Amino acid sequence: MSVPRLDAIVIGSGLEELVAAARLAGAGRRVVVLEPRDSVGGAAAGEQILPGFRMDPVYADAGFLDPRALGDLELDRHGVSLLTPDPFLAAPADRGDSLVLWRDLARSRASIARRSAGDADHWPGFAARMETFARVLEELAGRPPVRPGGPLLDLAPFLGLGRRIRGLGRERMTELFRVLPLPAHDLLEDEFRDPLLKGVLAAMSVRGVFQGPRSPGTALAFLHHHVGSPGGVFGIRTVVRGGVARLADALATAARARGVEIRLGASVERIACTNGRAAGVALASGEEIVSRVVVSGADPRRTLLDLAGTEALDPDFVHAVRQIRFRGGFARIHLALSEAPRFEGISEAVPGVIAIASDLEHVERAYDDAKHGRASELPVLEARIPSLADASLAPEGRHVMSVDVRFVPVGDRGQGDYAPDALADRVVELLAERAPTLPGTILERKVLMPADMEERYGWTNGDPYQGELALDQLLFMRPVPGWAGYRTPIPGLYLCGTGTHPAGAITGASGRHAANAVLEDLGGAR
Amino acid sequence: MTVQIPRTWDAIVIGGGHNGLVCAAYLARAGRKVLVLERRPLVGGAAVTEEVFPGFRFTVFSYVVSLLRPEIIRDLDLPAHGLNVVPLESTFNPLPDGDYLATWADPEETRRELYRHSPRDADAYVEFGRLMQRMAMAVKPILGISPPDPGSWRPKDLLAMGRLGKHFRDLGEKELHALVKLMTMSSADYLSEWFESEALKAAKSASGIIGTFLGPRSPGTAYVLLHHYMGEIDGVFRAWGFARGGTGAVSESIASAARSFGAEVRTDAAVERVLVEGDRAVGVVLGDGKELRAKTVVSGLDPRRTFLELVEPASLPEELVSAVERFRFRGSSGKVNLALSELPNFTALPGMGPHLKGAIAIAPSVDYLERAYDDAKRGEFSRRPFLDMVIPSMLDPTMAPPGKHVMSIFVQYAPYHRNGGWDDASREAFGDAVVDTLAEYAPNIRSAILHRQVITPADIEAVTGLSEGNIFGGELALSQLFFLRPSPAWSDHRTPLRGYYQCGSGTHPGGGIMGASGRLAANAVIADGTA
Amino acid sequence: MTSLGTRTTPFHSRTAPLVRGHAWRRWAGYVVPAAYDLIHDLEYAAIRGTAALIDVTPLFKYRIRGAGAAALLDRVVTRDVRRAKTGQVLYTPWCDPDGKVLDDGTVTRLGEDDFRLTSAHPNLRWLHQNAVGIDADIDDESEAVAALSLQGPAAREILGSVADRDVSKLRFFRATQARLEGIPVTLTRTGYTGDLGYEIWVGNDRAEALWDLLVAAGNPHGLLPTGLLAMDVARIEAGLLLIDVDYISARLALIETQKSSPFELNLGWTVAKEKRPFVGQRALEAERNGGSSWAFRGLVVDWDSLEALYAEVGLPPQLPSAAWRTSTPIFDGGRQVGYATSGCWSPLLKKYLALAHLGSVHAAPGTEVEIEVTIEHRRKRALATVTETPFFDPERKRA
């Protein structure tokens, strides 16, 4: 048998895939990236609502750009410039002062104090504690997942982590153990009195989960979204000038610079196996490409059950993959606006998140509807107007706005309570309660339902996290117990998407760990 | 001849609940002079049997014996003191469509019944049972030890941590993963990995929510499923049983055993506070102001009372106080006790039959249970609640006059923090919701009711003293288990005050009529040599 | 349908009046005769001497049809199903992903895309779990199809007298559709006795008619309705495994050591080489190359040694007429080297036989070991010799 010309095929050109490809190529491996769509970036590829109005279809920010994964890619050289939205979070209030949270702890505190003096006192301590905990998660994200039941030797690198956790001191350490499985509801109730503050923080704790804030584990989801953020800055990570699409472009440039070939319009139909090993892919066009390994950024279910097929897989493993919970549950609405909306009670321009989540109950009820299979009657909204901080996103004086709508179960598929248009109408109506001028300024809108995300990006149930951020689907349990190390039971087939540890919103880590696993198996750099 | 009453005791146990009694019995058995002080006129705490209506005896609060540790039964020789547990062998869940789902003592019979609902589930049920048995084996050692303090560098704790680590690694990777899933998943999700029949998923997941303020879709509810299998690995009796004479008879038998070892059990003796001198507990002060001195004081009350009421919180480390303040109780269940002129006649399975001798539950679908939870989340009792019932008079005819019956209905959800609080009107409305629900499945129930006792979480708190009426002395949630129950560093049944110990459902290993915490507390007292 | 009670087979109306000693045995949720007569010796004699008619309805039966039927079964079982011809029957175990046996049974290829799988335990869920991505329909026929086992030297003649085709052409482990005096059946030349025999698969509605027909046709040949006790002796003589007795399904094992691989059950021959992927393949190939630590063998207890042990206490040898299934330690010198899981006195061979799990080093035929026997309340050890199974393998079985 001839030796394949290619070392690795990477399926998809999303952020993780590009990081993996760049790393492999950087180690001297011959890599081709196959992207089914006609632009690079996968779900990170940018689009336009109207000419000149740019949008990132799914992503709201670039997540935590893990310097350990991206450090040597010199992204700034490839045109990535980062923005730090400030204020990062605002919430219009039905009663009393609106909440506006700033990167400056003192300013946040002052805003909170106008609603609750006690909460303002608690804020710095809370922010500090959450930051400490998020640092532990950040450390975990920096390594492939630990296998507590695996060989003792594999545990060695984690002794440092253990020391670090103990180094928190007993009080902080046990508090971490208490908080991880805690409902966000309880975490916030313990700390704060102001319903609005609790509501907007709770809205963050249900990103990536199909649960309400009363569900155990949502505190962990809250912390997950805090990894890499500065202390006290919740729910927003790095924003890239020009949108996340710019990051994808830069990664693609960096990858190409290292010799990666990126083929657009190359839709993988199946992963081909020879003698039980992944040996290449077959494209929808009928073309077959041979390589030593295949690295897939598609979600684990799609990769293993649809693309690779179940023939060589144990039924227990197949069962485990089929049980991964992909729940998606959010829709995204994009608006092109003739002017910036003005939210009542908020005088500042807010380039960060404008959250509509009046209290814990609001978030919980939104979930309750979804739990019973309906889109939320009163959804939780997280709106962003990135053009306020980045004029390149819209024509002069004009603006773009995106709104995350939770919860919209995929089951709806536009036939349930909300068709896409009805959902958009409802969301605009809800926003108009706080920003009355908004409806008259909408030039165009685009709606992405979970079903659309599934169709466009191949995410099972439209779940961009490629698996719920639930307690039992993280760390060594992600994507399935026993196979958390980016490898699969099919030798030569690897996973590098957000369905693997450390999951979405921590950018580059999965791709880097996956590439490392590949290199380890291929015999290192060359 | 007069008996010399000792002026000081080796140990005083506050609260004559079953855990306090177990603790007292073990201490007395080890030769200590022990006094149990119970506020009420009868022992048992939440495990009492009372003749609420003439001729009708009820296990007023608790209703089944599920987890009473077999070693306690052996060590204290409880059968010699009257304990006789009759197995509840079947489960019967009537369904809204007129069908039902049952499980029977015989596995083949159960298989055929499940096969009616789903042939695949019939297969899965057996394998699921095996896995649960293996998981129960994995967890059992944890129930029997005092949790180490993970933040401590003491050799004792490090050794215990090491031993735990080894125990889990020895399980093997697959079993460990299975255990992690069980500990972190929702019962609905966990069961969905096994079963397809909605009725079966609902019936099983209902056991995951008992006593919690969570729904079957809330993560963390799956591990409670294990409880049903714990009994099977002990080989003594099956997981679920009904004590002849009610759960009060369990308490009585433990009290009797304690007395036989020389302990004194005093009722109508409310403890006002613990007497502290310096950093030592030296006795208690009774409600009438009388002081009783002892080398050791063990509180069998819940953590809130143990740390915030019986002693001066200011004398405790702030870390502990804030942990107990944050400890969640949130009672979520109530109880309806019915005196019946005749047996309930279920539309799904009319007439008399073996199904009336087992557990009967109204839990027709996961969605039904979630809706019941939705009401509670919003501060109301469930309009259509989850009901878990037994008819004790079927197993022990002395519980009711001849030909008559008593029915014990555990009801969830009834939130302690009800909008507007609980009063007579809301209590009766709650009782009506229960009877209305039951009547949908057993229409004769209304006319069969001779008397009705409705117990809200507020009533549970008022009568038993359990904070917020939580039947487990604090929620059995992941963040309140093992070394977090009730607080890190103080989960080994000791307290920062020398000579002051804690047992009860609010301490490790938690709720149910289990007795384990009483035994562990007694072990701690004996090991420390403080009494 | 309150308490479901015991379940009976479609032959119950015929078998029940014949069970003189009320000796029933529970089998997979059914009750079937353990023995018809008070003593089962004649029923055993029928298996080996004339013909025996045994109700084996409680077996689980699954019909697997469709374009992917062969692929599905091939994925599940260790033998190569794709190589089976239509009309062929395979005896085969199947394993979990670690190569430990879950169950054993037969696969009958009724047509190109049409199979019947029989098993001792339920396997519906397992089949479905393996069918992900495979185009096959799985029907549980367990309650729709009844089965009789006609075993013994006269079986062929009896069947020939009522069949619409020449059954003498039906070879060992082959199947055919036939009509017996108009009753449509599937015939397989299989059985659980190690003798000449057939299993007859019939729809429930014709079950009683089939029974009546075979009893009438068999009468002149000395056919006897036969219960499980007699069959149990015959299957030990034939060296055939019994689940829950000789091995524990990996599905039900609580600890690893309770599980066995096919190699450890003397079923290495069923593990196909060069086969497409099947469940447990990787582990089994590794075991084939690396060797197994356990083996499953026959033991013949040395009669003189046994007699001497009885003589010590002044008794003649006393053995039960039914097979036993109590796990019994096997020793070599002072060390335990294995355990026997079932055994019996063979009335035909006049030998005391056992089936045993032995450490591989003690498994070579001819190895002398000791088996624990309890004589007058005291534990003794009798000599025994390791042998290949079957103990009894008549020409007629295959001929």
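The shown structure was predicted, so the numbers you read here are calculated from the model rather than taken from an experiment. Numbers restart at 1 for each chain; the letters A, B, ... are given by sequence-line order, proteins then strands.
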In terms of heavy-atom contacts, does NZ of B:K181 have more than 12 from other residues, nucleotides or ligands at under 6.0 Å? yes
Proximity of residues 185-196 of chain B to chain C, residues having a non-hydrogen atom under 4.5 angstrom: B:E193, B:W194
Any chance the side chains of C:E264 and C:S292 put a donor and an acceptor closer than 3.5 Å? no
For C:T341 and C:S327, test the side chains for any donor-to-acceptor distance below 3.5 angstrom and give the result as yes or no. no
Check ion pair C:R235-C:D246 (N to O, under 4.0 angstrom): yes
Side chain to side chain donor-acceptor pair (under 3.5 Å) partner of C:W94, the single match among C:T78, C:N123, C:T270, C:N130: C:N123
Under 4.5 Å to a heavy atom of chain C? For B:D121 that would be neither
cation_pi(C:R109, C:F115) dist<6.0 Å, angle<=45: no
Does B:H405 form a side-chain hydrogen bond (donor to acceptor under 3.5 Å, both in side chains) with B:S393? I'd like the steps, not just the answer. CA-CA 5 Å; B:H405 287 279; B:S393 49; 2.6 Å; yes
Roughly how far apart are C:L73 CG and C:L127 CG, rounded to 0.5 Å? 7.0 Å
When C:R251, C:E256, C:H128 are compared by non-hydrogen pairs under 4.5 Å with chain B, the top option: C:H128
Top contributor to chain B interface from C:A28, C:A253, C:P122 [non-hydrogen pairs under 4.5 Å]: C:P122
What part of B:Y115 gets closer than 4.5 Å to chain C, counting heavy atoms only: side chain, backbone, both or neither? side chain
Please flag which part of C:E143 lies under 4.5 Å from any non-hydrogen atom of chain B: side chain, backbone, both or neither. side chain
Greatest number of heavy atom pairs closer than 4.5 Å to chain C - which of B:D106, B:L131, B:V126: B:D106
CD of B:Q133 to CG of C:L254, rounded to nearest 0.5 Å, is 5.0 Å
